[in-house]
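Everything on this sheet refers to the single structure shown next.
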Amino acid sequence: MSTISPSPGGAPIHLQFDDNTLLPLLFGEHSRHLARIEQRLGVSLAQRGNRLAISGPHSGCAAARDALVALYDRLQRGLTIDMGEVDAAVRFAEAADGHAANVDLFGSEDLTIRTRKRHVGPRTQNQGAYLRALRDYEMVFGLGPAGTGKTYLAVAAAVDMLISGRVDRIILSRPAVEAGERLGFLPGDVREKVDPYLRPLYDALYDMLPGDQVMKRLASGEIEIAPLAFMRGRTLANSYVILDEAQNTSPVQMKMFLTRLGENSRMAVTGDLSQVDLPPGARSGLFDAIEALAGIDTIGIVRFGAEDVVRHSLVTRIVRAYDAHENARRAKPTSERPKR
């Protein structure tokens with residue numbers, strides 16, 4: 001465990017780590033993790049043996065201290081860290097505003113999902129809430145912009161339940177195209193036709209399981225690709241069902257999908273209400289469902305924002321810029337809005 005010296009009057013904060021074997025993992029190759037923390041928080045980190053001195057603005061020093069303690073604790077628990085975890089620790093520490101010393105910023109350990117290829121844990125506060133909802137509720141809605149991990153974490157939860165035997169299969173669905181007949185122009189069987197539209201789900205699967213395991217489970221039906229139009233009339237028991245890009249469903253399609261839930265099954269519905277591709281004037285089934293089901297306390301609804309984007313930092317700025325642009329556009333009188 002690390003020991004912390006307080007930083008009264010702007011004096012440097014000193015950390016001392018007991019396990020020297022963890023320091024190369026904590027600091028990163030060529031101290032790249034320390035460099036990232038310095039860059040993000042505007043602080044200076046000086047290492048001497050198993051001690052680290054943090055100097056700079058008080059708020060930055062406190063956040064760096066909390067981030068490093070959280071990362072060290074993660075390593076002590078046998079978990080790995082990479083640049084993504086470093087960014088997550090900094091993000092959590094900044095949000096805690098210096099009040100999280102000696103607290104696990106990543107949330108309780110039981111939120112970490114262990115799959116065959118990697119350990120997946122929350123990298124923002126809302127991701128922690130989402131993983132908790134996926135664990136506690138049979139039906140969960142994840143709403144928010146691209147890059148917030150809503151689909152990736154749902155797939156991780158599904159894979160975890162499959163390999164532990166708590167469900168018999170995973171069913172992945174997505175509204176593939178605006179008009180069903182367009183699938184007919186693509187060569188191959190149904191799965192080959194919808195594969196391009198489900199590629200993000202496949203990418204997540206291959207992150208969680210070895211490639212041969214994914215192919216084997218697809219062949220056996222343990223992992224099933226089910227176009228939304230083909231879900232009608234089914235009862236999905238002992239399954240983990242994921243509907244991605246749900247903002248592009250109609251209210252009728254959404255009701256049909258949600259009522260497929262069978263015994264011992266879980267359902268995750270993800271979508272971004274700011275990117276609806278339905279014809280102008282058409283009501284999104286996702287928006288309709290959130291309104292209709294808001295009063296059911298056994299359904300989890302988690303909303304992500306730009307602060308939860310865990311892709312390139314520029315993606316966060318892009319999301320915020322578009323949000324600001326859209327808000328400014330809506331604030332203008334109708335006569336001043338540009339014609340589309």
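Everything quoted here is computed from the prediction, not taken from an experiment.
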Look up atom [atom1] in [X] and atom [atom2] in [Y], then write down how far apart they are to the nearest 0.5 Å.
X: Glu291; Y: Leu286; atom1: CD; atom2: CG; result: 11.0 Å
X: Ser173; Y: Leu236; atom1: OG; atom2: CG; result: 9.0 Å
X: Leu258; Y: Met231; atom1: CG; atom2: CE; result: 10.0 Å
X: Leu131; Y: Asn126; atom1: CG; atom2: CG; result: 11.0 Å
X: Glu85; Y: Asp82; atom1: CD; atom2: CG; result: 4.0 Å
X: Leu41; Y: Cys61; atom1: CG; atom2: SG; result: 9.0 Å

[X] atom [atom1]: more than 12 heavy-atom contacts under 6.0 Å:
X: Tyr322; atom1: OH; result: no
X: Lys255; atom1: NZ; result: no
X: Arg283; atom1: CZ; result: yes

What are the two closest heavy atoms between [X] and [Y], and how far apart are they?
X: Phe304; Y: Asp308; answer: CA-OD2, 3.4 Å
X: Arg40; Y: Asp87; answer: NH1-OD1, 3.0 Å
X: Gly49; Y: Leu23; answer: O-CD1, 3.9 Å
X: Asn20; Y: Pro24; answer: O-CD, 3.5 Å
X: Leu228; Y: Pro175; answer: CD2-CB, 4.2 Å
X: Met254; Y: Thr249; answer: CE-OG1, 3.5 Å

- Asp73 and Arg77: salt bridge (Lys or Arg N to Asp or Glu O under 4.0 Å), yes or no, with the steps? CA-CA 6 Å; Asp73 179 68; Arg77 287 187 279 161; 3.3 Å; yes
- What do the steps show when you test Arg36 against Met83 for side chain to side chain contact (heavy atoms under 4.5 Å, CB included), and what is the final call? CA-CA 8 Å; Arg36 185 59 158 255; Met83 200 62 81; 3.5 Å; yes
- Item | Geometric class of the Phe27/Phe17 ring pair [parallel <30°, tilted 30-60°, perpendicular >60°] | perpendicular
With a 3.5 Å cut-off and no angle check, do the side chains of [X] and [Y] form a donor-acceptor pair?
X: Asp19; Y: Tyr72; value: no
X: Ser274; Y: Asp272; value: yes
X: Gln127; Y: Gln125; value: no

[X] (side chain) donor-acceptor with [Y] (main chain) under 3.5 angstrom:
X: Arg51; Y: Leu15; result: no
X: Lys150; Y: Phe141; result: no
X: Asp288; Y: Pro251; result: no

Mind checking whether [X] and [Y] have side chains closer than 4.5 Å, heavy atoms only?
X: Glu245; Y: Leu201; answer: no
X: Ile223; Y: Tyr240; answer: no
X: Val302; Y: Leu143; answer: no
X: Val167; Y: Asn238; answer: no
X: Arg234; Y: Ile171; answer: yes
X: Ile242; Y: Val155; answer: yes
X: Leu68; Y: Leu34; answer: yes
X: Met208; Y: Ile113; answer: no

- Item | Member of Arg166, Arg114, Arg135, Arg116 meeting the side chain to side chain donor-acceptor pair (under 3.5 Å) criterion with Asp160 | Arg166
- Query: Does the side chain to side chain contact (heavy atoms under 4.5 Å, CB included) test come out yes or no for Val309 and Thr148, once each step is laid out?
  - Reply: CA-CA 4 Å; Val309 174; Thr148 51; 4.0 Å; yes
- Message: Could you walk me through whether Tyr152 and Asp207 satisfy the side chain to side chain contact (heavy atoms under 4.5 Å, CB included) test, starting with their C-alpha distance in whole Å, then the side-chain angles of each, then the deciding distance to 0.1 Å, before giving a yes or no?
- Response: CA-CA 9 Å; Tyr152 188 86; Asp207 256 9; 3.0 Å; yes
- Qualifying residues under side-chain contact (heavy atoms from CB on, under 4.5 Å), relative to Ala282, sequence neighbours excluded: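 Listed in chain order: Leu278, Pro279.
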- Task: List the steps and the verdict of side chain to side chain contact (heavy atoms under 4.5 Å, CB included) for Tyr137 and Arg132.
- Result: CA-CA 8 Å; Tyr137 294 101; Arg132 199 171 293 110; over 6 Å; no
- Message: Would you say Val252 ends up clustered with Val276 if hydrophobic residues are merged whenever their side chains have heavy atoms under 4.5 Å apart, either directly or through other cluster members?
- Response: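 Result: no, two separate clusters.
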- Is there a salt bridge (Lys or Arg N to Asp or Glu O under 4.0 Å) between Glu138 and Arg266 once you walk through the steps? CA-CA 5 Å; Glu138 293 178 333; Arg266 297 289 183 106; 5.3 Å; no
- Message: Going by the rule side chain to side chain donor-acceptor pair (under 3.5 Å), which residues pair with Glu222 if we only count those two or more places apart in sequence or in a different chain?
- Response: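 Checked Glu222 against side chain to side chain donor-acceptor pair (under 3.5 Å); matches are Arg217, Ser220.
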